[in-house]
Novice: 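Supplied in C-alpha cells, the structure appears directly below.
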Amino acid sequence: LGNLPLVYLYAPKIMIKRLLWMGLIVAIALSCLEEPDCVNLKNGYIGLSFRRLFAINDTTLSSKDTTLVLSAINANNVPFNAGANAVKGIRIPLDYTADSTLISFETGGKKYQAVFRYQIQPQFISGDCGSRFVFGDLNVPKELSSFDSVNVINRTPVDTLATSVVHVHLFIR
Amino acid sequence: MRFAVFYIIFFAGSSVLNTYAQSQTTNSTNAQDTLQVDTIRNQFLPTGIRIGTDVISIVKSRIQNTFSGREFNADIDFNRYLLAIDYGNWGRSFISSNSTYTNDGRYWRVGAEANFLTRDPERNVFFLGLRYARSNYSESMSVISTDRNYGDLTRTFTSNDMKARWFELNAGLKVKIWKIIWMGYTGRLKFGLKKDDAQSDMLTHDVPGYGRTDRETAWGFTYHLYVRIPFRPTTSIQPPKK
C-alpha cells in the first residue's frame, strides 16, 4: 500500500490547513475592495420655478415678464450666469459656508427676496476624493420671504446644475 | 447579491467540511470503548473557553499608517452552540488634498454560533453565526475648500460620543493547531447599520468595527490566534456513526 494509509490519516488535517490559507488569501483580497467614486461631491443645487398667483390655466410666468432677473445672492453680486430662461425658472447653488442663502429678484421695478434655509453636513469620502458637503432639509421661512407665496415641493437639493428638478415654487401676483 | 455570495461560500465550505467530519467519524471509531453516555445536562456543560486576538488588525496597525486597532475574541461552547464575544478598538486617519480626517472608538459584538462539525472528537469548529454589535466613537475633520461662487471655507468639524449599531452574519473556522493553540478565521457580512449622526456636526465616514458607511452592507474578515483553556475532556458532540 505504500504511503496510502498515512495520506488517508493526514488528508483531513491538510485540507483544514488549506482552508486556513484560503481564508488568508480571501482576507487579502477583501482588503483591496473598491474605493468610492469621486463624482458629485456637493449636492447644493436647487431648482426654482416662478409662478403667477391666482392664474387660472397656466400659472407659469409668460414671456412678457422677462424683466424678472436674479439680482443678488447673499447681498453680493450675482456670482454666476442666471441663464436665458430665468423667467420661468432658475437653478442656483446654495452657500456651503453657511446654513442659509439669501436670494433677491427684481421684476417691473419691484424687488423680491427669499431666505433658503437648509441643513449642511460635511462628510469625508476617501483619501483620493477628500470631503463632500451634504445638503438637506430645505425650507423657506414665510417671515423671511417677500414673495406672495412660497411652496417647497422637494427638500433635498441635487448634485448638478444640469437638472430639471424643481424644489421651490415662488409665486408673485 | 451580497447575501447570495455569502451563502454560496458558506455552503461550498460546508460540503467540504461534511466530508471531513465523516472521515473523522471513521477515524474515531477506535475510541468507542472510552465513550461515556452523557446526560442532557452534561452535554450542555462547557468544555472550555477560547480567548484570542485578530492577527490582521495587528499586522494592519504595523504596516498601514492610516489604521490603528486591536480586537480580542472569546467564545465558550454549550454542546454544538457557542457564545461568542468580541471587543476591539480602532482609529483611522486620512489626509487628502482638501481635508484631514481622524476617528477613534471602541466596539463590541455578542452572538451565537452553531458548530457543524458535530462528530469531531477535537471539537474543531465550522460555524454559522449571528451577532449584534455596537460602537462608540468620535471623529474630527478639517476642511480647506474653495468655491468660485462662495469663496473659501476653512473649518474643523467634530463629533463626539457618537453611537452606532449593526448586525452581522458570520461564517468561519476554528481549528486546533497544537495543544492549546488554535487558529481560525471569520467572514462577516455586516448589515442594518444605524447611526445617530443626523443632527451632528458632520456625517460619519467610518464606524469602528463596521467600516465605511457609504454602503448598506459591508464585508469584514478577521483571522484569529486563540488559546483554549479546557474545563474538562472533550469528546465529539454527537457519537460517531456505527
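Computed over heavy atoms, backbone and side chain alike; hydrogens, waters and symmetry mates excluded. Naming convention: chains lettered A, B, ... in sequence-line order (proteins, then strands); numbering from 1 in each chain.
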Novice: Going by ring-ring contact (aromatic ring centres under 6.0 Å, His included), B/Y210 matches just one of B/W166, B/Y137, B/W90. Which one?
Specialist: B/W166
Novice: For B/S200, is it the side chain, the backbone, both or neither that has a heavy atom under 4.5 Å from a heavy atom of chain A?
Specialist: both
Novice: Measure distances from A/F133 to the heavy atoms of chain B and classify the residue's part below 4.5 Å as side chain, backbone, both or neither.
Specialist: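 Only the side chain of A/F133 comes within 4.5 Å of chain B.
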Novice: Tell me, out of B/G151, B/S97, B/S99, B/G184, who's got the most heavy-atom pairs with chain A below 4.5 Å.
Specialist: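 If we count pairs closer than 4.5 Å to chain A, B/S99 comes out on top.
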Novice: Pick one of side chain, backbone, both or neither for B/Q199, based on which atoms fall under 4.5 Å of a heavy atom in chain A.
Specialist: both
Novice: Only pairs of heavy atoms separated by less than 4.5 Å count here; which of B/T213, B/V143, B/D147, B/I95 has the most with chain A?
Specialist: B/D147
Novice: Counting only heavy atoms closer than 4.5 Å, note whether B/D197 contacts chain A via side chain, backbone, both or neither.
Specialist: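 B/D197 touches chain A through backbone heavy atoms alone.
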Novice: Looking only at atom types and distance, does a side-chain atom of B/N115 sit under 3.5 Å from a main-chain N or O of B/E113, one as donor and one as acceptor?
Specialist: no
Novice: How many angstroms lie between atom CZ of B/R109 and atom OG1 of B/T222, to the nearest 0.5 angstrom?
Specialist: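 With rounding to 0.5 Å, CZ (B/R109) is 6.5 Å from OG1 (B/T222).
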Novice: Is it true that B/T156 and B/S142 share a donor-acceptor pair across their side chains at a distance under 3.5 Å?
Specialist: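 Side-chain D/A pair, B/S142 to B/T156: present.
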Novice: For B/T66, is it the side chain, the backbone, both or neither that has a heavy atom under 4.5 Å from a heavy atom of chain A?
Specialist: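 Neither part.
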Novice: Are B/R80 and B/F116 in a cation-pi contact, defined as NZ or CZ under 6.0 Å from the six-membered ring centre and within 45° of the axis?
Specialist: yes
Novice: For the residue pair B/H205 and B/F94, is the inter-centroid distance of their aromatic rings smaller than 6.0 Å?
Specialist: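 Yes - the distance between ring centres of B/H205 and B/F94 falls below the 6.0 Å cut-off.
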